[in-house]
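Written below as structure tokens is the structure these notes are about.
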Amino acid sequence: FVHPFSAETTWLGASTIGLELIDDLTQIDAVLLAVGGGGLLSGVGRIVKEKFPKAKIIAVEPANCPKMYTAIKHGALVELLPSQTIADTL
């Protein structure tokens with residue numbers, strides 16, 4: 001079983017997107033990534049920051065479901081009520 005967002009293999013797999021970015025681009029100033037469960041954000045962000053340490057990794061989530069923002073604000077994991085959004089992965 002591979003967890004859909006918190007398994008090491010998940011963010012390692014997502015990091016291949018970061019490898020494609022750094023192979024194709026000579027400079028990256030910023031990357032916007034969906035928060036989702038954090039796997040994509042962690043994998044791509046880690047690879048991009050390794051090659052371009054000054055690049056900004058910007059986490060994006062729906063305004064009506066700010067799970068990462070709320071967790072950082074409270075310093076702990078939080079549980080939010082489900083919200084309607086057209087963005088399934090955010």
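All values derive from a computational prediction rather than experimental measurement.
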| task | Give a yes or no on whether Ile17 and Leu19 share a hydrophobic cluster (residues Ile, Leu, Val, Met, Phe, Trp, Tyr; joining criterion: side-chain heavy atoms under 4.5 Å apart). | result | yes

| query | Which residues, ordered by chain and number, are linked to Leu77 in its hydrophobic cluster, where ILVMFWY side chains connect at heavy-atom gaps below 4.5 Å, directly or through other members? | reply | none

Please output the side-chain donor-acceptor pairs of residues 31-58 that fall under 3.5 Å, not counting sequence neighbours, one pair per line with the distance.
{"from": "Ser42", "atom 1": "OG", "to": "Gly38", "atom 2": "O", "distance (Å)": "2.7"}
{"from": "Lys49", "atom 1": "NZ", "to": "Pro53", "atom 2": "O", "distance (Å)": "2.9"}
{"from": "Lys49", "atom 1": "NZ", "to": "Ala55", "atom 2": "O", "distance (Å)": "2.7"}

| For the student: nearest non-hydrogen atoms of Gly13 and Thr16, plus distance | O-OG1, 2.7 Å

| Gln27, CD atom: more than 12 neighbouring heavy atoms under 6.0 Å | yes

| task | Rounded to the nearest 0.5 Å, what's the gap from CE on Met68 to CG on Leu80? Could you check? | result | 13.5 Å

| said: Can you give me the closest heavy-atom contact between Lys67 and Glu61, atom names plus distance? | reply: N-OE1, 3.2 Å

